[in-house]
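Because only heavy atoms are used, hydrogens play no part in the values below, and waters and symmetry mates are left out as well, while side chains stay in. Note that ligands are numbered from 1 as they come in the structure, with each ligand's atoms numbered from 1 the same way.
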Amino acid sequence: MFSSDDLSSLRWDATSGAVEVIDQTLLPHTLRWVHLESLEDYCHAISAMQVRGAPLIGITAAFGLAHGLRDDSSDQGLAVAYDKLLATRPTAVNLRWALEQVRDEVGELMPFARAEAAWQRAVELRAEDIASCARIGEVGLPLLREAQRGDTLNVMTHCNAGWLATIQWGTALAPVYKAVEAGLNVHVWVSETRPRNQGVNLSAWELQRAGVPCTVVADNSCGQLMREGLVDCVVVGSDRTAANGDVCNKIGTYLKALAATDNNIPFYVALPASTVDWRCDAGEHIPIEARDSGEVLAMAGVDGAGESRQINLAAAGTRAANPAFDVTPARLVSALITEHGCCTADPAGLQALRAQLYDL
Ligand SMILES: CSC[C@@H](O)[C@@H](O)C(=O)COP(=O)(O)O
């Protein structure tokens, strides 16, 4: 029996040791679960973005490392699987964090005991992620209440930081789901998030599925909506937040933060503590993934008959650049919403969070 309920992005079967994930490259048109049966399957799922979103990337990698240890639990097997998984995507720090959690758990064990211990740790990390995200929702809810100016609470989000990007609840969307649960009249502006379209393909899909009213807009529309007073607050997730409060997130986040600041609109970043990179003192040191230019020059979707199609947008030979993330300076972030409470996005706020985490 697979572990999870309906609204979960990764499920596992305790008896067979199988793991399944939703293939997010097929959404919103097709909901298909794929079995991950080898270390290579896990690496492919992360690098091809069948799974994506910082927390989900981390949990998937944790299960991947456990799977790799089933095949080779020697020191060398552990190192090889760790390195292969770590190389799948560069920006989301949860990948390294989750791999370290598993490696630290099993590294000192005899090889024969490693695979099972790694599996147990991956299962725990999955459960912890669900609890953290639910808590992020609770911590963020009062901020959303405070931001609401009319009958409807209008939240803007970017990319997908909902349950598809985590296991359940999400980060940025967790307070939204909690607000709906609390009976607030919520509407979400979903920016499409070119070039991979996580907003229109994933956030709109999961919000609609949950019955939350939402409207997709082109990325370029967001500043104008803010100027017109149609946005009460912006909430986004993060792939890596530096110890000074600089926030790295999906490309386009920075522009939203600038527009929000210019319009006196709160700009919140929701993230689990595992997304803070304590070894990184400032955003400029965060590696920004450069993805294939084809993602900018072509668009995928389905035609009127429901057939998958990829269409070219540009003339042959057109050059494109595709930085997948940007860094929003801490000064543009109203607050960080974590499972441990809210903190200011500055060295003091992060230091206080760290002290809470490590009992300093
Ligand atoms: C809870 S997810 C926060 C971020 O990981 C999310 O906003 C994002 O940027 C995801 O990027 P992606 O390239 O789709 O993995």
Side-chain angles (χ1 to χ4, degrees), residues 8-10 21-25 27-28 45-61 88-98 129-130 132-137 140 156-177 188 190-206 219 234-241 247-257 267-277 283 286-292 295-296 322-328 333 336-339:
S8 166
S9 55
L10 178 151
V21 294
I22 294 176
D23 182 350
Q24 299 190 23
T25 63
L27 289 173
I46 299 171
S47 58
M49 293 176 68
Q50 287 178 315
V51 296
R52 25 70 49 209
L56 179 59
I57 288 171
I59 306 299
T60 306
T88 50
R89 291 195 73 189
T91 302
V93 76
N94 303 61
L95 173 61
R96 186 187 77 201
W97 175 85
D129 187 72
I130 295 172
S132 293
C133 288
R135 186 70 197 127
I136 286 170
M156 177 174 280
T157 193
H158 185 59
C159 193
N160 171 259
W163 65 265
L164 282 168
T166 61
I167 298 293
Q168 288 175 354
W169 292 105
T171 55
L173 292 188
V176 168
Y177 291 130
V188 183
V190 175
S191 70
E192 63 176 340
T193 318
R194 283 280 292 144
R196 290 287 297 218
N197 297 317
Q198 289 95 330
V200 60
N201 288 349
L202 305 177
S203 293
W205 180 82
E206 68 159 90
D219 296 324
V234 182
V235 190
V236 298
S238 173
D239 290 84
R240 190 184 299 227
T241 290
V247 169
C248 181
N249 192 48
K250 181 52 56 189
I251 193 79
T253 302
Y254 173 42
L255 289 177
K256 281 174 187 62
F267 182 89
Y268 296 120
V269 179
L271 70 166
S274 52
T275 299
V276 180
D277 186 353
I286 297 175
I288 302 292
E289 180 176 19
R291 292 190 63 87
D292 196 300
E295 293 181 351
V296 175
N322 188 10
F325 299 93
D326 61 26
V327 174
T328 298
V333 177
L336 301 174
I337 303 170
T338 82
E339 72 275 36

Can you name the atoms of ligand 1, numbered from 1 with element, that are less than 4.0 Å from a heavy atom of [X]?
{"X": "Phe325", "value": "9 (O), 11 (O), 13 (O)"}
{"X": "Gly53", "value": "5 (O), 10 (C), 15 (O)"}
{"X": "Ala54", "value": "2 (S), 5 (O)"}
{"X": "Gln198", "value": "12 (P), 13 (O), 14 (O)"}

Among all protein non-hydrogen atoms, which one is nearest to [atom], and what is the separation to 0.1 Å?
{"atom": "atom 7 (O) of ligand 1", "answer": "Asn249 OD1, 2.9 Å"}
{"atom": "atom 9 (O) of ligand 1", "answer": "Asp239 OD1, 2.7 Å"}
{"atom": "atom 1 (C) of ligand 1", "answer": "Thr171 OG1, 3.0 Å"}
{"atom": "atom 15 (O) of ligand 1", "answer": "Arg89 NH1, 2.8 Å"}
{"atom": "atom 2 (S) of ligand 1", "answer": "Ala165 CB, 3.6 Å"}

When only distance counts, is [X] in polar contact with ligand 1, meaning an N/O pair under 3.5 Å?
{"X": "Ala161", "value": "no"}
{"X": "Cys159", "value": "no"}
{"X": "His158", "value": "no"}
{"X": "Thr166", "value": "no"}

Examine distances only and state if a side-chain atom of [X] and a backbone atom of [Y] form a donor-acceptor pair shorter than 3.5 Å.
{"X": "Ser9", "Y": "Ile22", "result": "no"}
{"X": "Gln24", "Y": "Leu202", "result": "no"}
{"X": "Thr60", "Y": "Leu56", "result": "yes"}
{"X": "Thr193", "Y": "His158", "result": "no"}

* Under 4.0 angstrom from ligand 1, any heavy atom of Ala324? ->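 Checking ligand 1 against Ala324, which is what was asked, there is no heavy-atom contact under 4.0 Å.
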
* Is ligand 1 less than 4.0 angstrom away from at least one heavy atom of Leu56? -> no

* **Check ion pair Asp239-Arg89 (N to O, under 4.0 angstrom)** => no

* **Electrostatic pair Asp219-Arg194, nearest N-O below 4.0 angstrom** => no

* **Spacing of CD1 belonging to Ile46 relative to CZ belonging to Arg52, to within rounding of 0.5 Å** => 12.5 Å

If we set the cut-off at 4.0 Å for heavy atoms, which region of [X] has an atom near ligand 1: side chain, backbone, both, or neither?
{"X": "Thr275", "result": "neither"}
{"X": "Pro55", "result": "side chain"}
{"X": "Arg196", "result": "neither"}

Between [Y] and [X], is there a side-chain heavy-atom distance shorter than 4.5 Å?
{"X": "Thr253", "Y": "Ile251", "answer": "no"}
{"X": "Val269", "Y": "Ile337", "answer": "no"}
{"X": "Pro272", "Y": "Asn94", "answer": "yes"}

* Of the choices Lys250, Arg52, Arg291, which has the non-hydrogen atom that lies closest to atom 13 (O) of ligand 1? ->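 Ranked by closest heavy atom to atom 13 (O) of ligand 1, first place is Lys250.
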
* May I ask you to check whether Asn201 and Arg196 show a side-chain donor-acceptor distance below 3.5 Å? =>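 Not at all, the side chains of Asn201 and Arg196 share no donor-acceptor pair under 3.5 Å.
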
* **Aromatic Phe267 / basic Lys256 pairing, under 6.0 angstrom, 45° off normal** => no

